[in-house]
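The analysis underlying the following values was restricted to heavy atoms, covering all of them including side chains, and did not include hydrogens, waters or symmetry mates. Residues take their numbers from the sequence shown, with the count starting at 1.
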Amino acid sequence: MTEVITYKNRSVPVHYPSEQPTYMQMLRNKLCEMEYNFDFRKKWKRIASVEMIRDVAILQYNDGTKLYMEVS
């Protein structure tokens, strides 16, 4: 399933299993925690998409590299 999440005026598609909508809420909570992390906010500007696998968000950059972030 795909949903769009907006964080700091930037919208990014998030892919997650349709049987687990709680993953999206976990991601939203983690993004709220990262609100004052300016290094992460700079990285977010280059994110092309996010894939949720259990409690791990895989943030994929425009150049194809990935950043893994635990959201639990």
Using a 3.5 Å cut-off and no angle test, enumerate the donor-acceptor pairs between side-chain atoms of residues 35-52 and protein atoms at least two apart in sequence or in another chain.
from  : atom 1 : to    : atom 2 : distance (Å)
Asn37 : OD1    : Asp39 : N      : 3.2
Asn37 : OD1    : Phe40 : N      : 3.1
Arg41 : NH1    : Glu35 : O      : 3.1
Trp44 : NE1    : Tyr7  : O      : 3.1

* Identify, with sequence neighbours excluded, every residue that meets side chain to side chain donor-acceptor pair (under 3.5 Å) alongside Asn9. => none
* **Worked verdict on Glu3 versus Met24 for side chain to side chain contact (heavy atoms under 4.5 Å, CB included)** => CA-CA 9 Å; Glu3 190 172 323; Met24 278 301 293; 3.7 Å; yes
* To do: Is it possible for you to say whether Val14 and Val56 belong to one hydrophobic cluster, with membership spreading through side-chain heavy-atom contacts below 4.5 Å?
  => no
* Answer yes or no: does atom CZ of Arg10 have more than 12 heavy-atom neighbours from other residues, nucleotides or ligands under 6.0 Å? => yes
* With Asp55 via side chain to side chain donor-acceptor pair (under 3.5 Å) - residues at least two apart -> Ser72
* For Ile58 and Ile53, run side chain to side chain contact (heavy atoms under 4.5 Å, CB included): C-alpha distance rounded to whole Å, both residues' side-chain angles, the deciding distance at 0.1 Å, then the answer. => CA-CA 8 Å; Ile58 303 170; Ile53 298 179; 3.7 Å; yes
* Does Tyr61 reach the side chain of Lys66, with side-chain heavy atoms less than 4.5 Å apart? -> no
* Taking it one step at a time, do Met69 and Leu59 satisfy side chain to side chain contact (heavy atoms under 4.5 Å, CB included)? -> CA-CA 8 Å; Met69 181 173 68; Leu59 309 167; 4.3 Å; yes
* Asked: Do Arg28 and Glu33 sit within salt-bridge range, that is, some charged N less than 4.0 Å from a carboxylate O?
  -> no
* **Hydrophobic cluster membership, Ile5 vs Leu67, 4.5 Å side-chain cutoff** => yes
* To do: Specify the closest pair of heavy atoms between Gln20 and Tyr16, including all atoms of both residues, with the distance to one decimal.
  => O-CD1, 3.7 Å
* Taking it one step at a time, do Val4 and Val12 satisfy side chain to side chain contact (heavy atoms under 4.5 Å, CB included)? -> CA-CA 6 Å; Val4 175; Val12 174; over 6 Å; no
